[in-house]
Amino acid sequence: MQTTLKKRLEIVIEAPVIDRLRRVLDDKGVSGYTIIPAVAGRGRHGRWNREGEISDTGRMMVLFAIIDPSELDDMLAAVYAVLSRQIGIVSVSDVQVVRDDHFRRTSRADT
Amino acid sequence: MQTTLKKRLEIVIEAPVIDRLRRVLDDKGVSGYTIIPAVAGRGRHGRWNREGEISDTGRMMVLFAIIDPSELDDMLAAVYAVLSRQIGIVSVSDVQVVRDDHFRRTSRADT
Amino acid sequence: MQTTLKKRLEIVIEAPVIDRLRRVLDDKGVSGYTIIPAVAGRGRHGRWNREGEISDTGRMMVLFAIIDPSELDDMLAAVYAVLSRQIGIVSVSDVQVVRDDHFRRTSRADT
Amino acid sequence: MDVFDLAAANLISPPILFFLLGLMAALVRSDLAIPEAVAKGISIYLVMAIGFKGGAEMAASPLVAAALAIVAGIVLSAALPFISFGALRATSRLPRVDAAAIAAHYGSISIVTFIAASDAGMAMGLAAAGFMVAVAAAMEAPAIFSGLALAGRREGEGGGTMIREIAFNGSIVLLIGAFAIGWATGERGMAMVQPFFGDIFRGVLCLFLLDMGLVAGRGLRRSAGKLDWRVLVHGLYMPLIGAALGLGLAALIGLEPGSAALLMTLAASASYIAVPAAMRLALPEADPSVSLTLSLGITFPFNLVFGIPIYFAAAQWALG
Amino acid sequence: MDVFDLAAANLISPPILFFLLGLMAALVRSDLAIPEAVAKGISIYLVMAIGFKGGAEMAASPLVAAALAIVAGIVLSAALPFISFGALRATSRLPRVDAAAIAAHYGSISIVTFIAASDAGMAMGLAAAGFMVAVAAAMEAPAIFSGLALAGRREGEGGGTMIREIAFNGSIVLLIGAFAIGWATGERGMAMVQPFFGDIFRGVLCLFLLDMGLVAGRGLRRSAGKLDWRVLVHGLYMPLIGAALGLGLAALIGLEPGSAALLMTLAASASYIAVPAAMRLALPEADPSVSLTLSLGITFPFNLVFGIPIYFAAAQWALG
Amino acid sequence: MDVFDLAAANLISPPILFFLLGLMAALVRSDLAIPEAVAKGISIYLVMAIGFKGGAEMAASPLVAAALAIVAGIVLSAALPFISFGALRATSRLPRVDAAAIAAHYGSISIVTFIAASDAGMAMGLAAAGFMVAVAAAMEAPAIFSGLALAGRREGEGGGTMIREIAFNGSIVLLIGAFAIGWATGERGMAMVQPFFGDIFRGVLCLFLLDMGLVAGRGLRRSAGKLDWRVLVHGLYMPLIGAALGLGLAALIGLEPGSAALLMTLAASASYIAVPAAMRLALPEADPSVSLTLSLGITFPFNLVFGIPIYFAAAQWALG
Ligand SMILES: Nc1ncnc2c1ncn2[C@@H]1O[C@H](COP(=O)(O)O)[C@@H](O)[C@H]1O
Ligand SMILES: Nc1ncnc2c1ncn2[C@@H]1O[C@H](COP(=O)(O)O)[C@@H](O)[C@H]1O
Ligand SMILES: Nc1ncnc2c1ncn2[C@@H]1O[C@H](COP(=O)(O)O)[C@@H](O)[C@H]1O
Ligand code: NA
Ligand code: NA
Ligand code: NA
């Protein structure tokens, strides 16, 4: 099958900020993303574990978005505008996709 | 350590179809996969969020499978047979594994 | 933006052993990791599904850690010391990160 | 009580008020949310409790009446999609497959609407026959086949697998199972579990309806302005058509007012759990957001707040 | 009862003992854990129940007294952060922004501490006025603005968004909503849901405090030795300062002892749900682990075990 | 009542019927499922409730009798694995390490079986001594060490860490903690939480056993045909051996019938939570699916449906 190169942006970010991050990605017109809850982890801010907690503070979420390489710099800049003051990390890797049209940027989010 | 190149297939798919997808992968003899629940996301079909929902409709699951590069085309074809009519996305990336034998295809699923 | 090459270590491991794995990573001074619960999967040990289970046995967790390429062999060796007798898989892929300093190894975990 | 007293009593009952609270909280974008696992756990509790109670009351029900009511329910479930489909195609420009999918939702039922109506009937002193639980179970599936027929689909994989999946659908199995257990253990069984399945039931229902309000409100917010108003009003008049047919059949088979009002409620309610999942498997081309908004965002609140008192008033006026 | 009898009775009540059990289990690194979804579900139940009961009792409360108490609460919430900030800056070397964030926690309240105190008061026969629930709701937010002012922040994005987010914060919406529903449905409504929101309340509280003990214990273990002792003792004397001011205001506006003890408890308690989340949005430079350890690991257990009986004893001694 | 009446009464009690419903639902591949978080939450509730009640009843128990029963329990837990191991090695071709792992499961206990038996005893009017809860707690761990010894293992890391992990295992800590709290607060404490920990207990047990049925049924379906029948029957005769030894020891130390039946049930039951997790850490070479299928899929249903009435009948016949 014919595949196209895309970038997979993976962001680990503290839960209270996830809505803000989503707004930024929506505004930039990213074609899509998926959010997964993490249950435990470690980083410079220490170890954490979710079991039995009642507040969202201190929990991390993992968001990944598959985007076009041409949009990468723009997205990274936008993501860092949010992330620079918050707890979280970002990484980027290469992926191949089949249905290229699915990952076209939209001028504005559809919501 | 000596490592071998594999492909990491990552599929985001709507929850009601996950069993069908599993059946296809099982039939193809994929050596393994792991399924993770997503809690929120966005795509062409709009934004979604799980908190407090009671139906499985509209929720996405993330399935990833580490497979041999030689099997990739075959698997992609099988996955698309399911996916083409459903909501979801597929991407493929390169990964290295150490225990190669663990990822050998079996002729038929063991269940 | 200027990016640096890192390795993304992804480990699928049975839940009862996750604390042992964390201890090993902490001792090695890995700069961070994130743990995500899986809900279903398949491997050589068969198919599994979490719905309604009450014991942690048989559930898998996914841990990923973004580390420096120079630390890879060392980490893999440590991970395998735990993993070789347990159920689980390991894979490694290339990722790019922006804030390099975030992923520096610490001499000892901060907990 | 006349219809206005009933409506007023219903409107200021805690369950309905908590539903409205949830609805409003979602509309003002509050982050109030009940965890998914808890909401699912509560819905399992409610289905178990309603099934068990229905079964325990079966001793008092004549079997012939039960059988007649079940047949009436199946007829309603199979027939209503044709009306819904006809109305949608006549008034809107929805594609065939979308109209068929929506129609299937309206033939099938919402078990929570049924539970809320049972509770309201109990609060009004209009108890219903225990077998109405079995009628609810029987009405879930027929509509799905009508919907597939309307879409012109003769599923390859669908056939066998679909029937299995529907018949062994979790909430049906639980409802029928709990009903059978209640029937088998009777009053002695009921006495053993009364504090859990009886006493705290209405309070738990408040908690669940709060969540339903949140879910419905979020759905509305998400799709406000997206839906064609001709599709939207379908969510308001279709329940009334269903209830009217339900009343007719209830009169025909001689149900007393309490049970008749429940049959009307079942006919008027639209599925938002079982049918949407079935449609994702059988008619994946149909846009799930339209039918879900309609059944959960429009019809569910309408029935809960206005429909239920209307159905009870009508049943009492016609059959009381 | 004198203060020692009160303390003893409080200490051997099941809710407190389950809290201590959780604390100990976490300290010995037991893997005992209550799933997050269940803990959230229970906290929603507790807030609903306390709000509903407060509302249902409003019939018996004069509205002027309620308004006075709400104003007193707002004053306390807005003023306490300035005291907390001053004390922290005078005694420790915490950066301005961290001290301001902590101060905001101490002006705001912990609803679970409030619930435990209401329950303890009920067990002692010292019932409080229903409107104290409204006071609790009113005290959540003002402290956040004081905290931002202390940090020298005039948020760009913050302004509008923040006020929205705080006002429509889930637990506030639920508390006020349930209060309004209780008020609207009164005794009749309360009778309908008494078994769920009343009878099993204290048992559920035991389960929840077990979890709070686990959470507090884990927090303590994680940060033991990391916190400067000058910051740490803040978590012990600040509640006493808050309670003293609360007692003064309660005397001024003429609250009876039961309600006064609750106002003291609110002033003494520190937020660990709403304020930490708000601070992550508005003051992300502040280290969340310091303030969370302080409010959840130090002040919460202190209030639960020692504070509550002290506040009740003091209220009774001064106003009884 | 003779054994057949007992069996019949047990078989048509709601808890057992809900278990069978779950079992059947899983076998017909229904998608009925209770969310994991809810199932865990309920199991925490059940352990808390049974522990608390046991403790509250300790006032009525002579301490010497309690100590004797605990010693008997420890002896059973440590000894049974040797019998189980011998039987498995003699009749099947299981590798040493697998046989040892299974044997450890049979020495240890299933707390849910114990809870179901207590509830059944209560329904029959055969109450047991409060200290039987402590016996249950004491029997969880010794079997693990016997299992390790049988596997010829002298764990390096295992030693210290394992004992910690077992002793501070969540359900043990909670069971003993709740027991201690019940003991400390006595009847006054029990009265405070009776509606939650007492009245609704049996209803919650129904919900939990529904889930256990689903879990057991799924396990059976997954491994049907995979298990050697010589291993499989072990899951049926081993509980009877355990119960017989339990009865002997109960007679020796002079337990009354209600408590004796519980000791028999503990001896007969096999662990499926604590031991499987311990074995994954200590004997990772052992195949977890064999032992889990045996204890959860064979022995648990057997005890629940047939074993418990047999043990009560035997205890009453021998000691009544
Ligand atoms: N190197 C890493 N690999 C994977 N996840 C990480 C890494 N570093 C940090 N994280 C995650 O991001 C969270 C915040 O990171 P930090 O700001 O370093 O505390 C951590 O708690 C982890 O969940
Ligand atoms: N570019 C993307 N990156 C990551 N996840 C995506 C992307 N596009 C879609 N998804 C996920 O797949 C779901 C369905 O996509 P869609 O069919 O575009 O609505 C979305 O709700 C997301 O969870
Ligand atoms: N090739 C694979 N790709 C993704 N996940 C896998 C793969 N193989 C195994 N797993 C996961 O690891 C678990 C244990 O693997 P195994 O030891 O092969 O049974 C499985 O249940 C899956 O969740
Ligand atoms: Na209907
Ligand atoms: Na305060
Ligand atoms: Na045993």
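Chain naming here is simple, since letters A, B, ... match the order of the sequence lines and numbering starts at 1 in each.
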- Message: Around atom CD of E285(E), are there more than 12 heavy atoms from other residues, nucleotides or ligands closer than 6.0 Å?
- Response: yes

- Should C206(D) and F197(E) be marked as a side-chain contact (heavy atoms from CB on, under 4.5 Å) after you check the CA-CA gap, both sets of side-chain angles, and the distance that decides it? CA-CA 10 Å; C206(D) 289; F197(E) 287 128; 4.3 Å; yes

- Query: Looking at K40(E), M192(E), M190(E), which makes the most heavy-atom pairs under 4.5 Å with chain D?
  - Reply: M192(E)

- Note on the structure: Checked P35(E), G41(E), A37(E) vs chain D; the most non-hydrogen pairs under 4.5 Å come from A37(E)

- Cut-off 4.5 Å, heavy atoms of chain E, and the answer for L21(D) is side chain

- For V173(E), is it the side chain, the backbone, both, or neither that has a heavy atom closer than 4.5 Å to a heavy atom of chain D? both

- When only heavy atoms count and the cut-off is under 4.5 Å, which of residues 174-181 of chain E reach chain D? L174(E), G177(E), A178(E), I181(E)

- Go through the atoms of L210(D) and report whether side chain, backbone, both or neither lie under 4.5 Å from a heavy atom of chain E. side chain

- Options S13(D), P15(D), P14(D), ranked by heavy-atom pairs under 4.5 Å with chain E, top entry: P14(D)

Acceptor/donor pairs from residues 113-129 of chain D side chains to any protein atom, 3.5 angstrom cut, sequence neighbours excluded:
from, atom 1, to, atom 2, distance (Å)
T113(D), OG1, S110(D), OG, 2.5
S118(D), OG, F114(D), O, 2.9
D119(D), OD1, R202(D), NE, 3.0
D119(D), OD1, R202(D), NH2, 3.2
D119(D), OD2, R202(D), NE, 2.8

- Of all the heavy-atom pairs spanning V28(D) and F168(E), show the shortest one and how long it is. O-CD1, 3.4 Å

- In Å, rounded to the nearest 0.5 Å, how long is the span from OG1 of T185(E) to CG of L17(D)? 7.0 Å

- Short question: side chain of D31(D), backbone of G170(E) - any donor-acceptor pair under 3.5 Å? yes

